[in-house]
Amino acid sequence: MKNQARIIAQKQPCCEPLSWQQQLQEAVTDLATLAELVSLPIEQLSAEAHQQFPIMVPRSFINKMQAGNPNDPLLQQVLPSTKELTSPENFSSDPLQETGLNQPKGLLQKYQSRALLVLAGKCAINCRYCFRRHFPYQDNRISSDDWQNILDFLKADTQINEVIFSGGEPLLVSDSKLARYIANLEQIPQLKRIRIHTRLPITIAQRLTDTLLTALTNTRLKTIMVLHSNHPNEIDQTLANAVAVFRQAGVHFLNQSVLLKGINDDVSTLTQLSEALFDAHILPYYLHQLDRVEGAAHFAVNEAQAIALHQQLQVNLPGFLVPKLVRELPDQPHKTLLF
């Protein structure tokens, strides 16, 4: 799109805001730095859990936390804990049984009309509840030959009309490469939509660049960006300003959350989250029950409580701000509505 408005970024007192790539390079990856920045004793961070699943946290996300508060809802999502070291028997390394679905390589097809591309093997933030924390990304790296195999697969299946960019974090891919992917995909006649599942704009809002906007709008395909935010403290004006530019250019924004014990498992927080999302031009979409992945059992909320929370949300909010309460189960043709 021509004459695009430039994204308004938060001003720093002495210099221009860092690019999203620079912020990513400066993300915290060691326990000592994280402990220092959140003003907590390093003993409260589990070195063993960190070794099993290393921390990765952008400083812009840390800046939204309350220093000295070990129960901060944003900190709890990234804090390596000894609770991760044991798991119930019904929690597994592959809770959605995805490892057998990657045919052709780099593509997962769970549902009839949609196909998911694993575009990146890492994230900009390592959430401790991630259902793909054990996923074999090394077996799904897409080479040029793999990409052609994917295109051939999509062309042959005329029921597929939507492609989902996922990962890992798909927006770790450069704008130029994303543009090439989209240009290739729009040549497939039956495709109608590109959907991008991403947490990166929540953690580093500067990822919503002008060149990304060009890539997403210079195409006949409709574009939906599904963000991942779990708590109202994650939403700020920088994000809202960036989203407004993309919305004006025709990109649709939805949000999916995970219901997490001790983080957002109360009506007040979920109500505030829906309101904050809509204020930032983002529509609540899904509220997921936790996928039963090894190391995340301490985040689980029982189903009866989840349904009770969702019922109260319907009292507090207009219908368009109530996300669908769902669980994803392997071998099912769609997500399972819980209420």
Side-chain angles (χ1 to χ4, degrees), residues 92-124 126-127 130-200 207 212 215-216 219-228 251-252 254 256 285-286 288 291 293 326-336:
S92 72
S93 60
D94 186 15
L96 303 183
Q97 298 177 18
E98 292 184 324
T99 51
L101 301 176
N102 53 339
Q103 298 294 329
K105 180 181 175 182
L107 182 144
L108 302 175
Q109 188 181 10
K110 302 180 185 180
Y111 306 134
Q112 178 174 288
S113 63
R114 288 87 76 199
L116 183 148
L117 297 179
V118 181
L119 293 190
K122 59 182 180 179
C123 288
N126 284 352
C127 301
C130 178
F131 73 97
R132 290 196 182 125
R133 59 184 286 173
H134 307 289
F135 187 78
Y137 288 110
Q138 68 279 2
D139 298 333
N140 285 273
R141 293 174 182 159
I142 300 175
S143 67
S144 57
D145 288 342
D146 296 325
W147 179 241
Q148 188 57 55
N149 291 337
I150 288 170
L151 292 175
D152 292 341
F153 179 90
L154 294 172
K155 290 174 185 176
D157 190 339
T158 57
Q159 288 188 312
I160 297 175
N161 61 23
E162 180 174 343
V163 171
I164 301 168
F165 289 177
S166 186
E169 172 54 68
L171 289 188
L172 290 179
V173 176
S174 69
D175 293 339
S176 59
K177 194 169 187 179
L178 288 171
R180 290 197 299 273
Y181 284 150
I182 293 170
N184 291 158
L185 291 169
E186 75 172 349
Q187 300 306 311
I188 301 174
Q190 69 267 23
L191 292 185
K192 296 180 178 181
R193 295 179 294 275
I194 296 291
R195 197 190 326 167
I196 302 172
H197 285 192
T198 176
R199 186 147 163 78
L200 186 43
R207 180 61 187 95
L212 176 61
L216 299 184
T219 175
R220 68 171 181 83
L221 300 171
K222 293 188 180 298
T223 305
I224 305 100
M225 192 172 293
V226 182
L227 302 179
H228 174 188
V251 179
H252 303 273
L254 305 173
Q256 55 183 354
Y285 174 38
Y286 277 142
H288 287 268
D291 294 316
V293 63
V326 297
R327 181 183 290 283
E328 189 164 4
L329 298 170
D331 301 323
Q332 294 297 308
H334 52 73
K335 290 182 173 60
T336 300

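Residue numbers start at 1 and run along the sequence shown.
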Item to complete: Grab the two heavy atoms, one from Ala124 and one from Leu200, that are nearest each other, plus how far apart they are.
Response: CB-CD1, 3.3 Å
Worksheet entry | Ile164 vs Val226 side-chain heavy atoms within contact, under 4.5 Å | no
Item to complete: Could you verify whether a donor N or O on one side chain and an acceptor N or O on the other, from His288 and Gln256, lie under 3.5 Å apart?
Response: yes
Discussion item. As an exercise, state the distance from CD1 of Ile182 to CZ of Arg180, rounded to the nearest 0.5 Å.
Written reply: 11.5 Å
Fill in: Separation of Leu191 CG from Thr158 OG1 (nearest 0.5 Å)
11.0 Å
Fill in: Test side-chain contact (heavy atoms from CB on, under 4.5 Å) applied to Thr223 and Phe165, step by step
CA-CA 11 Å; Thr223 305; Phe165 289 177; over 6 Å; no
Worksheet item: CE of Met225 to NE2 of His197: how many Å apart, nearest 0.5 Å?
Response: 11.0 Å
Item to complete: Test side-chain contact (heavy atoms from CB on, under 4.5 Å) on Leu178 and Leu119 and set out the steps.
Response: CA-CA 9 Å; Leu178 288 171; Leu119 293 190; 4.0 Å; yes
Item to complete: Apply side-chain contact (heavy atoms from CB on, under 4.5 Å) to Lys222 and list each qualifying residue two or more places apart in sequence or on a separate chain.
Response: Arg193
Fill in: Distance in Å, Lys122 NZ paired with Glu169 CD, rounded so as to fall on 0.5 Å steps
11.5 Å
Practice prompt. Check the side chains of Ser166 and Arg132 for a donor-acceptor pair under 3.5 angstrom, ignoring hydrogens and angles.
Written response: yes
Item to complete: Measure from the side-chain N and O atoms of Glu186 to the backbone N and O of Arg220, and report whether any donor-acceptor pair falls under 3.5 Å.
Response: yes
Discussion item. Set out, in order, the CA-CA distance, both residues' side-chain angles and the distance that settles side-chain contact (heavy atoms from CB on, under 4.5 Å) for Leu185 and Leu151, then state yes or no.
Written reply: CA-CA 7 Å; Leu185 291 169; Leu151 292 175; 3.9 Å; yes
Worksheet item: Do side-chain atoms of Asp152 reach the backbone of Asn149 as a donor and acceptor pair under 3.5 angstrom?
Response: no
Item to complete: Would you please test Ile224 and Ile194 for side-chain contact (heavy atoms from CB on, under 4.5 Å) and show each step?
Response: CA-CA 6 Å; Ile224 305 100; Ile194 296 291; over 6 Å; no
Discussion item. Are Trp147 and Asn184 packed together at the side-chain level, in the sense that at least one heavy-atom pair is separated by less than 4.5 angstrom?
Written reply: yes
Item to complete: May I ask you to test the Arg207-Thr198 pair for a side-chain heavy-atom distance under 4.5 Å?
Response: no
Discussion item. How about CD on Gln332, more than 12 heavy atoms from neighbouring residues, nucleotides or ligands closer than 6.0 Å, or not?
Written reply: yes
Worksheet entry | Rounded distance [0.5 Å steps], NZ in Lys155 versus CD1 in Ile188 | 6.0 Å
Practice prompt. Would you mind reporting whether Glu328 and Phe131 have side-chain heavy atoms less than 4.5 Å apart?
Written response: no
Fill in: Any Cys123 side-chain heavy atom under 4.5 Å of Arg199 side chain
no
Fill in: Any donor-acceptor pair under 3.5 Å from Gln112 side chain to His334 backbone
no
Worksheet item: Roughly how far apart are Gln190 CD and Ile160 CD1, rounded to 0.5 Å?
Response: 7.5 Å
Item to complete: Evaluate the side-chain proximity of Leu154 to Leu107: yes if any heavy-atom separation is below 4.5 Å, no if none is.
Response: yes
Fill in: Side-chain heavy-atom pair Leu116, Lys110 within 4.5 angstrom cut-off
no
Item to complete: For Arg133 and Val293, indicate whether the former's side chain and the latter's backbone hold a donor-acceptor pair under 3.5 Å.
Response: no
Worksheet item: Of all heavy-atom pairs between Ile196 and Pro170, which one has the smallest distance, and what is that distance?
Response: CG2-CG, 4.0 Å
